[in-house]
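What follows is a short report on a single structure.
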Amino acid sequence: MDVAIPNITFDEEDSQIEISGHSLRNDPGPHDPSVLYEQDEHISSAVWEGLERGALRCHEHTSKLEEWKLTGKQLELVEKAGFKYFRKIEAFSLDNQLISALVERWRKETNTFHLPGGEMTITLDEVALNLGLAIDGEPVVAVELEDSSAIPVCEKLLGKKPTSNDRRGGFLKLSWLKDSFSHCPDIAPLEQVEQCTRAYLLYLVGSTIFSTTSGNTVPVIFLPLFEDFEKAGKYAWGAAALAFLYRALGNATSKSQSTISGCLTLLQCWSYWHLNIGRPKLNQGQALDAFPLALRWKQKLSGLRSKCDVVQYRKALDSLQPCDVEWLPYHDMDEIVPEDIKDTLILGRSRTTLICLDKAEKHLPDRCLRQFGFNQPIPQEVPQWKGTDGEADQSKSIASSCEDWSKHRDQIVEGEDRVDDSEYLLWYSNITRKFVGRHTSLESMFRQTVAGMTKMLELAKTLSREDMFPVNQKAVENIKNILNESLKNPFSNSKGFLLHLKIVVTRCVSHYCLELFGNVFTINQS
């Protein structure tokens, strides 16, 4: 059977080898690393080297939420605590493959997705619209509890002590909360109603907006926040949910990470609204006036969702066209959105610090002004706030973050229609990661190259050297030795293999051997 022989191009100036039109070292960026300064640790670097991690395990634990039966009194307390709308969403089907591909585009240096046409992100107003949570109010902060404090706190606020099997250090098992408190009697005294409601709220946030990668558990540290329901209703739960999700997305971009937590329902809904990738089709005649807006994507959908894997979604994102992006998906939603939510939507343009317990994350809408109908200028520089352990810079205390949050109403970013996007796009192309995946896999390119080099080696071995000058005999022998060495185990060391390939190509170009092997390789010098 004939072996398909690839064309090889070697650019001496750029040290770039091209095989059948596919570059082995086509640099996807960033050319200027001042913005994406953690590129070497980002999952996109691993993907580029052919190291696939597959789909992330997505930790939202919403499947049992519908088993909670709330009484009328409990619903009043849930509303008072600020979860009137959010509780309606309950279980949501996640597309792990799509979420994993989106994570590959997330950059924690800017808390934005770096897409082909520019940066985009999940903003505060989108949290309010999709989840119905408050984005204005007091920051969600709490005092750290010792593991041993879990028992007395539960006894005080839930009226029941968890056993050692019901908790893991400072984490309570969600199954214990559901088994113990999911059915509150209609005639229960007020104290019991409040205890069961606190358990429900703890379960609700622990399975959704504050879900963790530690299994089906919730940090008991959230429980004291529900001691006073009226006070709980004054917290900016939506801002805390976004801070938590930002941090979870940032953690998931690490090469070694295999899981992701946080409110993935929000992430997936955001993608459905903005990107025509993996978006299901809604049934005709389906009610479109449900709030919060995440409910629209929870309804029955027409046909089956296309089953794409991470690689297919990655390719779709790499080749994303302007027509596939919806910058203003909520422009006709005014009649659906409740007034108390509508009054706070301007905070989507607040350049501020989001807080969730000990987590502080930057909210940078000035990098994504096209999501608000403005042209995009070059955004201001983002200070590097990464700490030594990968968390937010611990030198910046939560107190100073709270101070910044206290000014969030006064830090609204204004857009300018006269700004020309072209200047931004030119700047962006230099600082971004242009694409995540290769058009042709490394394995495919290597196998094609190995086949060609094998054919070349066969020719070198059978070539008659009787009429050659000594210098040419030596050149052929050298090439044969290099090919032998390269083909011993080319896939064990791809960089070494490419180095040998470069030597082969250079030798062929430098000697008359180009004529001898021209029928095997077409070699061009750029």
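For Ser254, the side chain to side chain donor-acceptor pair (under 3.5 Å) partners at least two apart in sequence or on another chain are Ser256.
Looking at heavy atoms from C-beta onward, Leu266 lies in side-chain contact with Leu245 at the 4.5 angstrom threshold. In this structure, the side chains of Arg351 and Gln380 come closer than 4.5 Å at one or more pairs of heavy atoms. Between Pro292 and Asn130 there is no side-chain heavy-atom pair separated by less than 4.5 Å. Between Ile277 and Ser271, every side-chain heavy-atom pair lies at or beyond the 4.5 Å cut-off. Taking the side chain as every heavy atom from C-beta outward, Phe92 and Thr208 never approach each other to under 4.5 Å. Between Lys298 and Cys269, the closest side-chain pair of non-hydrogen atoms is not below 4.5 Å. Taking the side chain as every heavy atom from C-beta outward, Val436 and Trp48 never approach each other to under 4.5 Å. Looking at heavy atoms from C-beta onward, Leu94 lies in side-chain contact with Gln268 at the 4.5 angstrom threshold.
Listed for the Ser350 side chain is a donor-acceptor partner under 3.5 Å among the backbone atoms of His408. A donor-acceptor contact shorter than 3.5 Å links the side chain of Arg167 to the backbone of Gly169. Distance alone, capped at 3.5 Å, places no donor-acceptor pair between the Trp405 side chain and the Ser400 backbone. In this structure, the side chain of Ser207 engages the main chain of Leu204 through a donor-acceptor pair within 3.5 Å. With hydrogens and angles ignored, the 3.5 Å screen pairs a side-chain donor or acceptor of Arg433 with a backbone N or O of Gly29. Remark: side-chain polar atoms of Glu60 are paired, donor with acceptor, to backbone N or O of Leu264 under 3.5 angstrom. Between the side chain of Arg105 and the main chain of His114, a donor-acceptor pair closer than 3.5 Å is present. Within the 3.5 Å criterion, the main-chain N or O of Glu423 finds no donor-acceptor partner in the side chain of Asp420.
For the residue pair Thr432 and Tyr428, a side-chain donor N or O sits within less than 3.5 Å of a side-chain acceptor on the partner. Using a 3.5 Å distance cut-off with no hydrogens or angles, the side chains of Glu381 and Ser34 do not pair a donor with an acceptor. Side-chain polar atoms of Tyr424 and Asn375 form no donor-acceptor pair below 3.5 angstrom. Between the side chains of Glu126 and Tyr330, at least one donor-acceptor pair of N or O atoms lies under 3.5 Å. Gln321 and Ser319 form no side-chain donor-acceptor contact under 3.5 Å, judged by distance and modelled atom types alone. Judged by distance alone, the side chains of Lys434 and His31 do bring a donor and an acceptor atom under 3.5 Å apart.
Salt-bridge annotation for Arg349 and Asp125: absent, with no side-chain N of the basic residue lying under 4.0 Å from a carboxylate O of the acidic one. Using a 4.0 Å cut-off between a side-chain N of Lys or Arg and a carboxylate O of Asp or Glu, Glu52 and Arg314 qualify as a salt bridge. The existence of a salt bridge linking Lys234 and Glu138 is excluded, since no basic side-chain nitrogen approaches an acidic carboxylate oxygen closer than 4.0 Å. For Glu67 and Lys64, the salt-bridge test passes: some basic side-chain N is under 4.0 Å from an acidic carboxylate O.
Minimum interatomic distance between Glu109 and Val35 (heavy atoms only, all atoms of both residues): CB-O, 3.4 Å. The two residues His61 and His59 make their nearest non-hydrogen contact at CE1-ND1, 3.7 Å.
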Step-by-step salt bridge (charged side-chain N to carboxylate O under 4.0 Å, His left out) determination, Lys80 to Glu76: CA-CA 6 Å; Lys80 186 180 290 187; Glu76 292 176 7; over 6 Å; no
Glu38 vs Lys108, salt bridge (charged side-chain N to carboxylate O under 4.0 Å, His left out): CA-CA, chis, key distance, verdict: CA-CA 9 Å; Glu38 293 191 29; Lys108 63 182 177 181; 3.6 Å; yes
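Residue Asn111 forms a side-chain hydrogen bond (donor to acceptor under 3.5 Å, both in side chains) with just one option from Arg367, Lys362, Glu361, His363, and that option is Glu361.
Taking the six-membered ring for Trp and the full ring otherwise, the centers of Tyr246 and Trp106 sit less than 6.0 Å from each other. Residues Phe181 and Trp176 bring their aromatic ring centres within 6.0 Å.
Taking the six-membered ring for Trp and thresholds of 30 and 60 degrees, Tyr235 and Trp237 have ring planes more than 60 degrees apart, a perpendicular arrangement.
Distance CG/Leu354 to CG/Leu364: 9.0 Å, rounded to 0.5 Å.
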Under 3.5 Å, sequence neighbours excluded: what are the donor-acceptor pairs made by side chains of residues 217-232?
| from | atom 1 | to | atom 2 | distance (Å) |
| --- | --- | --- | --- | --- |
| Thr217 | OG1 | Ser214 | OG | 3.0 |
| Glu227 | OE2 | Lys156 | NZ | 3.3 |
| Asp228 | OD1 | Glu230 | N | 3.0 |
| Asp228 | OD1 | Lys231 | N | 3.1 |

